[in-house]
Amino acid sequence: VVTAGTTMLAYARGGLVNDAKRVFDCSPHQSVVSWTSMLDAYAQCGDLLQACGCFRKMPHWNVVTFTVLVQAYVRAGETGSAVGWFEFMPQRSSVSWNTILAMHAQNGNLNMAKRTFEKMACWDSVAWNTMALAFALRGFIREATAIFQAMPEPSLVSSNLMIAAYAQNGHLQKACSVFEALEQRDTVSWTSMVAAFAQAGEMARAKEMFQVMPRKDIWSWNSIISAFAKSGHDRQAIETFHELSSDGQCRPDEVSFLVVLTACSHVGCMKEAWSCFNSMEVDHGLKPIKEHYCCMVDILSRAGQLSRAEELLDNMPFLPD
RNA sequence: CCAAUCUGUUAAAAGAC
């Protein structure tokens, strides 16, 4: 019973809801925790209907259950229902409050974010970070800075988000200062700097950051590949993608393919695009999604291969829109 | 503390300017 939730969560993170469900069904005794993990699995894969169904079937709910449900509505973009359930739930934890706060921040609803923040009984590090983000996303970088400086206990996440906030608002130097002031850095810090230099058009320094960073994850790879593709270094993007494909630590994901297909499209290299697209499923077990098809159709159309583009659309496993 | 919340990578088009 204790490990069922953990196992299910592992499956859920990998997008393997069905496996999570199997573990759940095989558990001799289903606790609130395993029910909630199952609910979360549906929420994480974006299946709101299943999530709601799961919620209704549960024998008991607690504050975590409700919060996961609220989060499911947030992920589905159902702001009203999220708030509705948030207000309905019998108790709210700081995580519940932070969930709603983050929703308003992501929606760019600064006023609601402020109101929520003011209503909170206490502000933990997540609440402070989310509030700084709310300002940064709307371009209020001075206010974000003020929040950052007012934080009682800024965390690595706080610094990382400020690096990105400064970079996205054109303050590369400030991003660098925050990065240099860090005593501990994680992969997010480094990747944020790769993106920061790239956004400022400093590709040489972006590349250098990528090369010297102590550990790279898939986000780091995608970040540099995307930077190459956006700056017209499409051959480098494709080359780096191939390095990633033969890397021992990381495997390309859906984003990697989307980005490399874009690079192929820029250079008009249909052969390369096809071979990438095909290797997605064959070599990497990744199902192309709408965006990949879109990109391929675009490449084929530009190359004048309209019949092949149509053929691809006809063989798509989902309905075109 | 068996589950929930904050940070880095995402194509094209449209719209706005």
Side-chain angles (χ1 to χ4, degrees), chain A residues 1-9 12 27 31-41 43-44 62-72 74-75 86 92-103 105-106 123-134 136-137 154-165 167-168 175 178 185-196 198-199 210 213 216-227 229-230 253-266 273 289-299 301-302:
Chain A
V1 179
V2 170
T3 56
T6 317
T7 314
M8 286 159 55
L9 185 70
S27 314
S31 64
V32 206
V33 173
S34 46
W35 272 103
T36 305
S37 304
M38 198 57 238
L39 176 63
D40 193 31
Q44 287 193 27
N62 63 19
V63 64
V64 178
T65 318
F66 278 105
T67 307
V68 173
L69 183 71
V70 168
Q71 177 68 13
V74 171
R75 274 192 266 250
F86 173 75
R92 282 156 287 272
S93 69
S94 59
V95 175
S96 327
W97 279 96
N98 289 335
T99 301
I100 287 294
L101 178 62
M103 177 188 75
Q106 293 295 345
W123 298 317
D124 61 10
S125 162
V126 173
W128 283 102
N129 293 341
T130 307
M131 203 56 222
L133 180 73
L137 285 177
S155 66
L156 183 53
V157 171
S158 321
S159 298
N160 289 343
L161 90 83
M162 288 310 296
I163 291 173
Q168 280 153 22
V178 175
R185 291 160 189 152
D186 64 5
T187 314
V188 177
S189 324
W190 284 96
T191 305
S192 303
M193 287 308 295
V194 171
Q199 279 151 13
F210 180 76
M213 62 190 288
K216 303 167 176 59
D217 64 11
I218 188 60
W219 290 57
S220 326
W221 282 96
N222 290 344
S223 186
I224 191 70
I225 296 171
S226 157
K230 279 183 175 155
D253 67 1
E254 290 85 352
V255 173
S256 322
F257 280 97
L258 195 56
V259 173
V260 76
L261 286 177
T262 316
C264 292
S265 141
H266 290 162
I289 56 170
K290 274 198 188 95
E291 283 84 348
H292 298 104
Y293 281 96
C294 235
C295 204
M296 280 309 293
V297 167
D298 189 61
I299 295 170
S301 313
R302 279 179 212 268

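It should be emphasised that the depicted structure is a prediction, and the values quoted were computed from it without experimental measurement. When reading the values below, keep in mind they use all heavy atoms of this one structure, side chains included, and skip hydrogens, waters and symmetry mates. Chain A is the first sequence line, chain B the second, and so forth, proteins listed ahead of strands; every chain is numbered from 1.
In this structure, K290(A) does not reach the rA12(B) phosphate: none of its side-chain N or O atoms is under 4.0 Å from OP1 or OP2. In this structure, Q106(A) reaches the rU7(B) phosphate: one of its side-chain N or O atoms is under 4.0 Å from OP1 or OP2. Applying the 4.0 Å criterion to OP1 and OP2 of rU9(B), one finds that K230(A) has every side-chain N and O outside that range.
A donor N or O paired with an acceptor N or O is found under 3.5 Å between the base of rA3(B) and the side-chain atoms of N62(A). At a cut-off of 3.5 angstrom, the base of rG8(B) holds at least one donor-acceptor pair with the side chain of T191(A). Between the side chain of N222(A) and the base of rG8(B), no donor-acceptor pair under 3.5 Å is found. The base of rA3(B) does not come close enough to the side chain of S31(A) for any donor and acceptor atom to sit less than 3.5 Å apart.
Comment: D186(A) does not engage K216(A) in a salt bridge, judged by the lack of any side-chain N to carboxylate O separation of less than 4.0 angstrom.
When each of rU10(B), rC2(B), rG8(B) is scored by its nearest atom to the side-chain atoms of S220(A), the top-ranked nucleotide is rG8(B). Distance from the side chain of A102(A) is smallest for rC6(B) among the nucleotides rG8(B), rC6(B), rU10(B). Listed candidates were rC6(B), rU10(B), rA4(B). Nearest to the side chain of T130(A) is rC6(B).
Closest approach of S220(A) and T187(A) over heavy atoms only: OG-CG2, 3.4 Å. Among all heavy-atom pairs drawn from F86(A) and R92(A), the shortest one is O-NH1, 2.7 Å.
C295(A) comes within 4.0 angstrom of the backbone, heavy atoms only, and of no base. Residue contacts for T65(A): at a heavy-atom cut-off of 4.0 Å it reaches no nucleic acid atom on any strand shown.
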